[in-house]
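Report on the following structure.
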Amino acid sequence: MASKTKKTEIAPEMSLQQLSIAKQQFDQEIELLANSVQQLQAARSKYEDSEECVTSQKSISMNTELLVPLTGSMYVLGRVKDANTFIVDIGAGYFVEKNGKDATDYFKRKVKFLNEKIEKYAKLLQEKVHMREKIMMALSETSLH
């Protein structure tokens with residue numbers, strides 16, 4: 001009787017085939033959410049790195065030579081003209097000139113926003129995993145009967 005109650009909590013009248021389809025759908029949703037969380041974490045990491053770079057530039061003096069990346073494997077020699085002015089990629093091909101404080105604030109806001117999204121998706125992911133586990137239990141109960 002107890003096993004019937006557990007199945008009823010999930011889907012009172014779902015057949016084995018319907019439960020299998022529901023499990024597949026949850027598997028797909030879980031994979032999508034997990035990938036989304038990973039992508040958001042990667043974006044967050046880039047913003048955190050950018051914030052660190054802005055902060056570290058404060059210690060660089062004028063006319064210091066450095067390598068400026070043109071591609072992943074090609075650089076040109078450059079000199080620091082102003083260690084407190086940055087060109088920030090704000091997305092969609094738009095760039096904005098910001099001073100150090102404004103650039104740091106921008107990156108902090110982006111990190112905060114992404115943390116909120118990651119938390120929201122992670123919570124949703126946990127709920128989906130929990131529901132899939134319930135469906136798997138109902139599947140095993142149904143297949144035993």
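All values below come from the heavy atoms of this structure, side chains included, with hydrogens, waters and symmetry mates left out.
Between Tyr106 and Tyr47, the ring planes lie perpendicular to each other; the angle is over 60°, past the 30° to 60° tilted range.
Closest approach of Ile135 to Lys23, counting heavy atoms only: CG2-CB, 3.9 Å. Looking at every heavy atom in both residues, Val111 comes nearest to Glu48 through CG2-CG, 3.7 Å. Considering every non-hydrogen atom in both Ala83 and Gln57, the closest pair reads CB-O, 3.6 Å. Here the closest heavy-atom approach between residue Leu139 and residue Ser20 is recorded as CD2-OG, 3.6 Å.
Under the 4.5 Å side-chain contact rule for hydrophobic residues, Phe86 and Tyr94 share a cluster. The cluster map of Ile, Leu, Val, Met, Phe, Trp and Tyr, joined by side-chain heavy atoms under 4.5 Å apart, puts Val76 and Met74 in the same cluster. Tracing side-chain contacts under 4.5 Å through hydrophobic residues (I, L, V, M, F, W, Y), one reaches Val129 starting from Leu33; they form part of the same cluster. Grouping the Ile, Leu, Val, Met, Phe, Trp and Tyr side chains by contacts below 4.5 angstrom, directly or via other members, places Tyr75 with Leu77. Neither Val68 nor Val88 shares a network with the other; the hydrophobic side chains, linked directly or stepwise wherever heavy atoms of I, L, V, M, F, W or Y lie under 4.5 Å apart, form separate groups for each.
Separating the NZ atom in Lys123 from the CG atom in Leu125 is a distance of 13.0 Å, to the nearest 0.5 Å. Of the inter-residue distances, the one linking His130 atom NE2 with Phe26 atom CZ reads 10.5 Å to the nearest 0.5 angstrom. Here the straight-line distance linking atom CZ of Arg44 with atom CG of Asp49 works out to 11.0 Å at 0.5 Å rounding. Atom CG of residue Leu32 and atom CG of residue Asp27 lie 12.5 Å apart, to the nearest 0.5 angstrom. Atoms CD1 and NZ, on Ile90 and Lys110 in that order, are 8.5 Å from each other to the nearest 0.5 Å. One distance of note links CG of Asn99 with OG1 of Thr104; it measures 8.5 Å at 0.5 Å rounding.
The pair Asp105-Arg109 fails the salt-bridge criterion, with no side-chain N (NZ, NE, NH1 or NH2) lying under 4.0 Å from an Asp/Glu carboxylate O.
The local environment of CD in Glu119 is sparse, with at most 12 non-hydrogen atoms from other residues, nucleotides or ligands closer than 6.0 Å. The number of heavy atoms from other shown groups lying within 6.0 Å of CD (Glu127) is above 12.
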Determine, stepwise, if the pair Lys81 / Met62 fulfils side chain to side chain contact (heavy atoms under 4.5 Å, CB included).
CA-CA 6 Å; Lys81 180 179 170 186; Met62 298 283 275; 5.6 Å; no

Walk me through whether Val80 and Ser61 qualify under side chain to side chain contact (heavy atoms under 4.5 Å, CB included).
CA-CA 7 Å; Val80 175; Ser61 59; over 6 Å; no

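Side-chain contact check for Glu97 versus Thr85: some heavy-atom pair is nearer than 4.5 Å. The shortest distance between side-chain heavy atoms of Lys112 and Glu116 falls below 4.5 Å.
Ser45 places no side-chain N or O within 3.5 Å of a backbone atom of Gln41 that could act as its donor or acceptor partner. Without hydrogens or angle criteria, Gln18 side chain to Ser15 main chain gives a donor-acceptor distance under 3.5 Å. Listed for the Thr64 side chain is no donor-acceptor partner under 3.5 Å among the backbone atoms of Ile60.
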